[in-house]
Amino acid sequence: MLDLARRLGPAALLAALAVLAVSPAHASPAPAQAAYAQPARAAVTAPVEKDEVTLELRRDGVLHVKETVAPAGGTVRRTPITRTRFDDGHDRVYRLSNVKGGSYDGETLTFGGTVEYDVTGAVAPVADGAGGGGEELRWFAVSGPVREAVVTVTGPGRVQNLSCFAGEPGAATACTGASVDETGATATFEQQDLRQGQTLTVVVGYPKGATGAAPILERRFELSNAFALNAVTGGSLAALLVLLLGGVALLYWTRGRDARVIGGETAGTTGDWMGQVSGHGDGRFTPPDGVRPGQIGTLVDEQADVVDVTATLVDLAVRGFLRIDEQPRQTYEAADWCLVKLPGAPIGDLLPYERALWEAVFDGRDRVLLSQLHGSFAARLTAVRDALYQDVVDQGWFARRPDSVRSRWTTLGVAVLALGVVATVLLAWFTSYGLLGPALIIAGAALAFGGQYMPAKTAKGAEALAHTLGFREYLAHASVDDVPPDRRVELFSRYLPYAVIFDNVDRWARLVGAFTGDGRQADHLYWYQGPAEWDLSRFADSMRTFTLTTSGAISSSRQFRSL
């Protein structure tokens, strides 16, 4: 059985997520690259004959724009370029604000004759060949169609260099004209016949520290960058996996292991229990610790299985609470059995889960065909399952119901897995550490899977399991010669439900079918009746088919786990 772990509290998980959420620092500025945004467009009611733009770069790095179009009677609608490619992992963003004389909805700028607005993010530091460095103003000043455009730029220092480009965004074609006045403080740019979809981009260089502004950068989502594998991400992923999976293992080690290791006990107790169940002395059947088949099945695998209920039904027949009558059939007909309620059976001696099963089978009737066990039977199996899980708690074998423990840890694992998916998306979208998110996904999957093994037996449960494993060894190897002939049918019949649990039904069904009270073959058992011309030589085949058919009927209710 797999070992998992006890206490990785919510705080630890949140701390791990906090580590994941740390974003890398802003990338260092780099020269802006060509615009890749959608081309600016203009829609005018009258041709823009002339567009005069005044750009004032202030000392705080904010660019104030004043644009006047002529003739002034029409309405101009433009989509300014507000995002360009900066480097392999970031976009450069330009933000417009304080619009006067028009309106801006975040995408379209609408105005008539004159509009004013501020632009943030138009300045970026640059380095020149001499190593002195400087600052560069870049703005997409005019969008076509415009027949004549004039742009005047002033700033907080002398112009060190200038350039301009006209055409599609990102084009390298020089504009019609660019000049600086004799003071070196004002630059002028001109462009003729700017067409629809074309832009006049102006670039002006200023001394280092003129504004101290920096470009606005936003990380661009790309799978190659989001899940980049390098020394930092690879090492962080490995460390996080060790931390989280180690925490899951610690959870099982402290919470999911049985209270006592049973491997060393089994050998020491098997021989003792063989003496008690092998029929020596009065030949009476004595199961280990008085454990009944359904209890053994739930104890061994910590699951209320279909086979546990099937074995309990056989056990109720062997113990005299009902009789199983095999129905006659033609060659190609499906086998069927009638379950008959026996009068005078001590129902009060049944355990709660046995009583729930007995009532689910008969439901106020004295007999029922196995093929007709549906409807209310399927609905009542929920009570059987719950009673079976509660029984192993009442016996002191588990501190809590195994199904509840599994559900709680599996749900937590699924929640961690979902958190990992969300973390992966967020990390990939906003950082280059998307590779760390799968660590949470893996840990959540491990916890969800490991939750199946989290139910832990108490010391009493571990001891009962050790005795049970010894009993299983006896059933697998016991000799019929150890049992007096006149007690073999009764004793071997009592073994049979346990053999169903341990998947050893064929061996014991053959043994039961080979004897009567005096050692001779007979037609029937006291708890199993066959049709005419049937004898116990066919019992092994009949029993095998009965257990398979009964398990199928129980499985159809979907209340129990099938094997």
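All values derive from a computational prediction rather than experimental measurement.
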Distance check, rounded to the nearest 0.5 Å: [X] atom [atom1] versus [Y] atom [atom2]?
X	Y	atom1	atom2	result
Leu417	Leu440	CG	CG	9.0 Å
Leu313	Leu370	CG	CG	8.0 Å
Leu496	Tyr498	CG	OH	11.5 Å
Asp336	Gln372	CG	CD	7.5 Å
Thr84	His90	OG1	NE2	13.0 Å
Met454	Leu412	CE	CG	9.5 Å

Q. For Asp541 and Arg544, what are the C-alpha separation, side-chain angles and deciding distance, and is it a salt bridge (Lys or Arg N to Asp or Glu O under 4.0 Å)?
A. CA-CA 5 Å; Asp541 290 337; Arg544 184 188 311 109; 2.9 Å; yes
Please give me the minimum heavy-atom distance between [X] and [Y], naming the atom from each residue.
X	Y	answer
Pro497	Val314	CG-CG1, 3.9 Å
Pro169	Thr199	CG-OG1, 4.2 Å
Leu436	Ser236	CD2-CB, 3.5 Å
Arg494	Val318	CD-CG1, 3.2 Å
Tyr389	Ala304	OH-N, 3.0 Å
Ala443	Leu244	CB-CB, 3.6 Å

Is any side-chain heavy atom of [Y] closer than 4.5 Å to one of [X]?
X	Y	value
Leu339	Leu373	yes
Val291	Phe471	no
Leu63	Asp118	no
Leu357	Arg380	no
Tyr353	Val309	no
Phe398	Glu302	yes
Phe165	Val203	yes
Trp337	Leu369	no

Q) Taking NZ, NE, NH1 and NH2 as the nitrogens, is one of them in Arg401 or Asp386 under 4.0 Å from a carboxylate oxygen of the other? A)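 Salt bridge between Arg401 and Asp386, a charged N being under 4.0 Å from a carboxylate O: yes.
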Q.
What I want to find out is whether Arg92 reaches Glu218 closely enough, with some N-O distance under 4.0 Å, to be called a salt bridge.
A.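 Salt bridge flag = no for Glu218 with Arg92.
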**Q.** Full working for side chain to side chain contact (heavy atoms under 4.5 Å, CB included) between Arg95 and Val119
**A.** CA-CA 6 Å; Arg95 293 175 179 166; Val119 179; over 6 Å; no
Quick check: does any side chain N or O of [X] sit under 3.5 Å from a backbone N or O of [Y], one acting as donor and the other as acceptor?
X	Y	value
Asp105	Glu107	yes
Thr458	Gly396	yes
Thr549	Phe546	no
Asp308	Asp305	yes

Q.
Quick one about Glu135 and Thr211 (side-chain donor to acceptor, distance below 3.5 Å, no hydrogens or angles considered), yes or no?
A.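 There is such a pair (donor and acceptor under 3.5 Å, judged by atom type) between the side chains of Thr211 and Glu135.
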Q. Is there a side chain to side chain contact (heavy atoms under 4.5 Å, CB included) between Phe140 and Tyr94 once you walk through the steps?
A. CA-CA 10 Å; Phe140 315 98; Tyr94 303 83; 3.8 Å; yes
Q: List the steps and the verdict of side chain to side chain contact (heavy atoms under 4.5 Å, CB included) for Glu354 and Arg292.
A: CA-CA 10 Å; Glu354 295 175 323; Arg292 294 178 182 172; 2.5 Å; yes
Q. Sequence neighbours excluded, which residues qualify as salt bridge (charged side-chain N to carboxylate O under 4.0 Å, His left out) partners of Asp394?
A.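 By the salt bridge (charged side-chain N to carboxylate O under 4.0 Å, His left out) rule, Asp394 matches no residue at all.
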Q: Please lay out, stage by stage, how Thr82 and Val93 fare under the test side chain to side chain contact (heavy atoms under 4.5 Å, CB included).
A: CA-CA 6 Å; Thr82 58; Val93 178; 5.6 Å; no
Q) Could you walk me through whether Thr547 and Thr310 pass the side-chain hydrogen bond (donor to acceptor under 3.5 Å, both in side chains) check? A) CA-CA 6 Å; Thr547 55; Thr310 301; over 6 Å; no
(Q) Tell me whether the count of non-hydrogen atoms from other residues, nucleotides or ligands lying under 6.0 Å of CZ in Arg400 goes above 12. (A)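 Result for CZ/Arg400: open.
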Q.
If you apply the rule salt bridge (Lys or Arg N to Asp or Glu O under 4.0 Å), what do you find for Lys457 with Glu463, and how did you get there?
A. CA-CA 9 Å; Lys457 300 176 186 67; Glu463 183 178 3; over 6 Å; no
Q: State which residues pass side-chain contact (heavy atoms from CB on, under 4.5 Å) with Leu241; sequence neighbours excluded, sorted by chain then number.
A: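 side-chain contact (heavy atoms from CB on, under 4.5 Å) check on Leu241 returns Leu237, Leu245, Ala439, Ile442.
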Q.
Just to verify, what does Leu109 make a side-chain contact (heavy atoms from CB on, under 4.5 Å) with, not counting sequence neighbours?
A.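 Expected list: Pro80, Val99, Tyr104, Phe111, Val115, Tyr117.
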